[in-house]
Engineer: 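What follows is a structure written as C-alpha cells; I'll ask about it next.
Bear in mind that the values here come from a model prediction, so they are computed numbers and not experimental data. One-based numbering, in listed order, for ligands and for the atoms of each. Positions are given from 1, in the same order as the sequence printed here.
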Amino acid sequence: MNAGLDNVIAADTVLSHVDGEAGRLIIRGHDLEDLVARFGFEDAAALLWQDFHQRDDLRVALGAARVEAHRLFSQLSAPWRDMTAVEAMRLMLASVPDGEDAHEPVVMLAAAGVAAARSCRLTAGLDALAPDPERGHADDVLRMLRGREGDASEVRAFETYLVTVIDHGFNASTFAARVVASTAARLPSSVVAGLCALKGPLHGGAPGPVLDMLDAIGDASRADMWMTDALKRGERLMGFGHRVYRVRDPRANVLKAVVQGLKGRANRIAFAEQVEAAALRALKGFRSERRLDTNVEFYTALLLEALDVPRQAFTLVFATGRTAGWVAHVREQEATGRLIRPQSRYVGPLPGRAA
Ligand code: ACO
C-alpha cells in the first residue's frame, strides 16, 4: 500500500517529464528554459495539443472563444461578494456545457482565462471587463484581471509565467483530470476536477500564503527565528518542498529571473532571497534525511505580486496556464480508453464482528 502513490507510474505520456534528481523539466521535447525563451503561450499550448488541434489558428480561435465565454458567464448570477475567487471560478467553469470534441479544448482554455479574471474582479466587488479578441491570451487575461493593460515587459513576464506552469507530469490536478477523463466524462468535467485539486495549499494554493509569510516576517533579521518557530509549531513552509524534486525546482530559477527583469522590484527580491536562504537553513536542520528545496510557488508569489495581480487570484492564474496541460492530458487519457480504477485494502470489521 502506497498512500501517496509516490513513484507509481500510472501512464505513458509524451507531454512532459519531471526529472526530480537532476532538477530538469522537459515539455514535449523542450527543456523548460528553452521553451520559455522561444514560445509564447499559444505556441506552447499548440505544442502540447499537436495530436488533436491545428496549430496555426489558436490565437484567433482563443480570442473568439474568450468572447463566447464572457457571454456565457455574464448570464450567471451568484452572491459573488460572499465567495472566494477560487469558488467563483469553479462555479463559472462548471457552467460550461459539453461541446463538440474539436472545439472543446479552445473553449475550455479560453473559459479558464476569462473565468480567472472575472472571478477575481466580481468577488472583489469590481466590474468584469469584456475580452479583446485581437490580443494574445496572456495580454488579454492580464488586462481583464487588473482592469488596465500591461506594458510590453509586464505582458512578457505574465506570458512567461503561464508557459512555465503549462504542464508538469502527473501532479495532483493533472491526475485528477485524467481520472475523470478515464470515465469518458467530457472535457469540462475533467478541467473542473483539475481546478478543484489545485485549490489546496499543498498544490496550487501556496503562493498567496508565501506572501503572507513574507509579510509576517517583515524584516530579514527575523527570518531565521520565524522559520524555526514555524517548524516547531509543525507548520509547513510555503514555497518549499516537492514530491518529485530532490533539488531546486527549475521553475523557481526561471521565475526569479523574470521578476529580476521587472523594474522597481530590487528591494523585495533582496528581502525574498534572504527569507529563502533562512528557510533553506531551517529545513536543512529540520529534515536532514530529506532535502527540501525551493519550489515554483516561492517566486510565483514574487512575480505575481510584482505584476499587481491580487493575491486572491494567484491560484486562478496558475489554473489559466495549467488548463492547457490538463486539456492535453485529458485527450491523451481518452486515447488510451482505459478506466483508472485502483483498489483499496479493506481494514474495516468483518461481518458479524461489527459493533
Ligand atoms: N515545510 C516543512 N516541512 C515540510 C515541507 C515544508 N515545506 N515539505 C515537506 N515537509 C516535511 C513533510 O511534512 C514530511 O515530514 P514527515 O516525514 O514528518 O511527514 C517530510 O518533510 C518529507 O515530505 P515529502 O514527502 O518530501 O513531502 P510530500 O511529497 O508529501 O509533499 C509538498 C510535497 C506537499 C509540496 C510539501 O513539500 C509541502 O507541503 N510544501 C509546502 C506547500 C507548497 O509549497 N506547495 C506547493 C508545491 S508546488 C505545486 O504544487 C505547484
Side-chain angles (χ1 to χ4, degrees), residues 1-8 16 18-21 23 25 27 32 86 161-177 193-214 216-217 223-256 272 275-304 311 313-326 329:
M1 210 276 288
N2 179 346
L5 303 182
D6 311 33
N7 299 319
V8 171
S16 60
V18 181
D19 183 338
E21 300 297 328
L25 170 58
I27 297 181
L32 172 68
V86 181
Y161 171 72
L162 296 183
V163 174
T164 300
V165 300
I166 199 164
D167 200 44
H168 201 246
F170 242 54
N171 58 83
S173 58
T174 299
F175 184 51
L195 177 66
C196 292
L198 199 65
K199 180 169 176 281
L202 300 192
H203 185 18
V210 166
L211 289 189
D212 298 339
M213 175 176 76
L214 294 181
I217 293 169
D224 280 304
M225 188 187 290
W226 194 95
M227 297 297 170
T228 311
D229 288 349
L231 291 178
K232 272 192 200 144
R233 289 193 301 272
E235 292 173 13
R236 292 190 177 200
L237 305 183
M238 292 294 131
F240 298 90
H242 198 272
R243 174 59 60 85
V244 183
Y245 290 120
R246 299 279 65 99
V247 294
R248 191 180 170 86
D249 183 333
R251 298 169 298 177
N253 291 338
V254 167
L255 296 181
K256 182 177 177 183
V275 171
E276 181 188 12
L280 295 177
R281 275 193 295 276
L283 288 169
K284 197 171 175 195
F286 178 66
R287 293 262 173 244
S288 51
E289 76 282 6
R290 187 91 193 240
R291 182 169 163 191
L292 299 169
D293 213 320
T294 315
N295 67 43
V296 64
E297 304 286 47
F298 191 77
Y299 285 101
T300 289
L302 274 289
L303 174 56
L304 296 182
R311 220 170 271 202
F314 286 6
T315 303
L316 287 61
V317 173
F318 191 151
T320 300
R322 184 55 63 81
T323 298
W326 291 335
H329 276 275

Engineer: At a heavy-atom distance under 4.0 Å, which protein residues reach ligand 1? Sort them by chain and number, would you?
Structural biologist: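 Heavy-atom contacts below 4.0 Å: Pro201, Leu202, His203, Ala206, Leu231, Glu235, Arg236, Leu237, Met238, Gly239, Phe240, Gly241, His242, Arg243, Arg246, Leu283, Phe286, Arg287, Arg290, Leu292, Asn295, Val296, Glu297, Phe318.
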
Engineer: Whether the side chain of Asp249 engages the backbone of Thr294 through a donor-acceptor N/O pair (distance < 3.5 Å, no angle test) should be reported.
Structural biologist: no

Engineer: My understanding is that only residues two or more places apart in sequence, or in another chain, count here; which of them pass side-chain contact (heavy atoms from CB on, under 4.5 Å) with Arg281?
Structural biologist: Asp224, Ala277, Ala278

Engineer: Do Phe314 and Glu297 make a side-chain contact, defined as non-hydrogen atoms from C-beta onward lying under 4.5 Å apart?
Structural biologist: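 No, side chains not in contact.
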
Engineer: Would the distance check show the side chain of Thr315 and the main-chain N or O of Gly204 forming a donor-acceptor pair, the cut-off being under 3.5 Å?
Structural biologist: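 Yes.
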
Engineer: Just jot down the side-chain contact (heavy atoms from CB on, under 4.5 Å) partners of Val244, sequence neighbours excluded, or say none.
Structural biologist: Val18, His242

Engineer: For residues 236-247, which residue pairs pass the salt bridge (Lys or Arg N to Asp or Glu O under 4.0 Å) check, not counting sequence neighbours?
Structural biologist: Asp6-Arg243

